[in-house]
Amino acid sequence: WPKSAWLQREVSAFIAALPPEPRVEDVHVGLCSLMTRFDVPSLVPPPRLPRWFEDPAQEASQHTGPFEPWRPAHGDFGTVSQRVIISDGRSRTVRYFYRSTNVGWETAAADGPTVLAGPWREVAMPWAA
């Protein structure tokens, strides 16, 4: 899919631009920035799309960026969580970052409040000895 190729290019460019020994926090912030992208102007849906949904606009909206947010008009679909896993050689830990991206979906109406991304949380696990 074009959105997957776009994400691969963006992540590759981000990683290539990192200093030789980046801080985990900086890598996390950069990747998280990419993970907030949707409705990317240069991305257009492929000419032929699957027909999973009754509304063709819903299917098309899923191809305008790699991370589809919850949208009031199509409340039954969207990215619901995100994860970043970074293995840190300096501290010999694996850092697992995660967040919900559909906070408030239970009470959001088609014309109501926006669904939000929750805060990032982290679990750090030491490398095996």
Side-chain angles (χ1 to χ4, degrees):
W1 295 111
K3 65 181 183 178
S4 298
W6 175 89
L7 182 61
Q8 182 179 15
R9 286 190 307 273
E10 293 293 314
V11 170
S12 295
F14 167 72
I15 290 172
L18 287 170
E21 293 191 32
R23 294 177 339 114
V24 168
E25 294 77 12
D26 296 335
V27 175
H28 179 246
V29 166
L31 291 174
C32 293
S33 174
L34 290 172
M35 294 171 77
T36 63
R37 301 287 307 272
F38 62 94
D39 292 344
V40 177
S42 63
L43 285 176
V44 294
R48 187 171 169 202
L49 293 171
R51 294 193 176 131
W52 294 107
F53 301 102
E54 219 172 279
D55 180 2
Q58 183 173 5
E59 185 67 50
S61 75
Q62 294 180 44
H63 297 276
T64 61
F67 302 101
E68 172 73 9
W70 182 90
R71 297 177 193 258
H74 307 294
D76 58 347
F77 193 87
T79 301
V80 297
S81 64
Q82 295 178 322
R83 293 151 184 73
V84 174
I85 301 172
I86 301 171
S87 184
D88 182 6
R90 281 191 297 261
S91 67
R92 299 181 55 81
T93 58
V94 173
R95 312 260 307 263
Y96 177 80
F97 300 92
Y98 62 98
R99 72 174 177 174
S100 172
T101 55
N102 67 341
V103 175
W105 71 269
E106 305 94 335
T107 57
D111 58 351
T114 303
V115 175
L116 303 172
W120 284 98
R121 302 195 187 286
E122 176 186 356
V123 174
M125 299 163 279
W127 288 2

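Along the sequence shown, the residues carry numbers beginning at 1. This one's a predicted model, so the numbers in the text were calculated from it and none came from an experiment.
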Engineer: Under 3.5 Å, side chain of Thr101 to main-chain N/O of Ser81, donor-acceptor pair present?
Structural biologist: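 Side chain of Thr101 to backbone of Ser81, a donor-acceptor pair under 3.5 Å: yes, one is there.
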Engineer: Are Phe38 and Trp120 connected in a single hydrophobic cluster, I mean Ile/Leu/Val/Met/Phe/Trp/Tyr linked by side-chain heavy atoms less than 4.5 Å apart?
Structural biologist: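 Per the 4.5 Å side-chain linkage, Trp120 and Phe38 are not co-clustered.
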Engineer: Give the intermediate values and the outcome of side chain to side chain contact (heavy atoms under 4.5 Å, CB included) for residues Gln82 and Phe97.
Structural biologist: CA-CA 8 Å; Gln82 295 178 322; Phe97 300 92; over 6 Å; no
Engineer: Applying ring pair (Phe, Tyr, Trp, His ring centres under 6.0 Å), name anything that partners Phe14, two or more places apart in sequence or on another chain.
Structural biologist: none
Engineer: What pair of heavy atoms forms the shortest contact from Arg95 to Ala124, and how long is it?
Structural biologist: CD-CB, 4.2 Å
Engineer: Do Val84 and Val103 belong together in a cluster built from hydrophobic side chains that touch within less than 4.5 Å?
Structural biologist: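 As far as the 4.5 Å side-chain criterion goes, Val103 and Val84 are not connected within one cluster.
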Engineer: Keeping to residues at least two apart or across chains, list the salt bridge (Lys or Arg N to Asp or Glu O under 4.0 Å) pairs with something in residues 1-10.
Structural biologist: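 Every pair satisfying salt bridge (Lys or Arg N to Asp or Glu O under 4.0 Å) with a residue in residues 1-10: there are none.
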Engineer: Whether the Trp127 and Ser87 side chains hold a donor-acceptor pair (N or O, under 3.5 Å, no angle test) is what I'd like checked.
Structural biologist: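 Side chains of Trp127 and Ser87: pair found under 3.5 Å.
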Engineer: Does the side chain of Trp6 come within less than 4.5 Å of Val40's, by heavy atoms?
Structural biologist: yes
Engineer: Should Ile15 and Ser12 be marked as a side chain to side chain contact (heavy atoms under 4.5 Å, CB included) after you check the CA-CA gap, both sets of side-chain angles, and the distance that decides it?
Structural biologist: CA-CA 5 Å; Ile15 290 172; Ser12 295; 6.0 Å; no
Engineer: Donor-acceptor pairs are to be reported for all side-chain atoms of residues 26-34 against protein atoms at under 3.5 Å, with residues two or more places apart or in another chain.
Structural biologist:
| unit_1 | atom_1 | unit_2 | atom_2 | d |
| --- | --- | --- | --- | --- |
| Asp26 | OD1 | Arg23 | NH2 | 3.2 |
| Asp26 | OD2 | Arg23 | NE | 3.2 |

Engineer: Please name all residues satisfying ring pair (Phe, Tyr, Trp, His ring centres under 6.0 Å) with Tyr98, sequence neighbours left out, ordered by chain then number.
Structural biologist: Tyr96
Engineer: Could you give all pairs that pass the salt bridge (Lys or Arg N to Asp or Glu O under 4.0 Å) test and reach residues 12-22, with sequence neighbours left out?
Structural biologist: Glu21-Arg90
Engineer: How close do Leu7 and Pro66 get, heavy atom to heavy atom, and via which atoms?
Structural biologist: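 Closest heavy-atom pair between Leu7 and Pro66: CD2-CB, 4.0 Å.
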Engineer: Run the salt bridge (Lys or Arg N to Asp or Glu O under 4.0 Å) test against Arg99 and tell me which residues pass, sequence neighbours left out.
Structural biologist: none
Engineer: Should the heavy atoms of other residues, nucleotides or ligands under 6.0 Å from CD of Gln8 be counted, would the total exceed 12?
Structural biologist: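 Open: at most 12 neighbouring heavy atoms sit under 6.0 Å from CD of Gln8.
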Engineer: Is any side-chain heavy atom of Ile86 less than 4.5 Å from a side-chain heavy atom of Val94?
Structural biologist: no
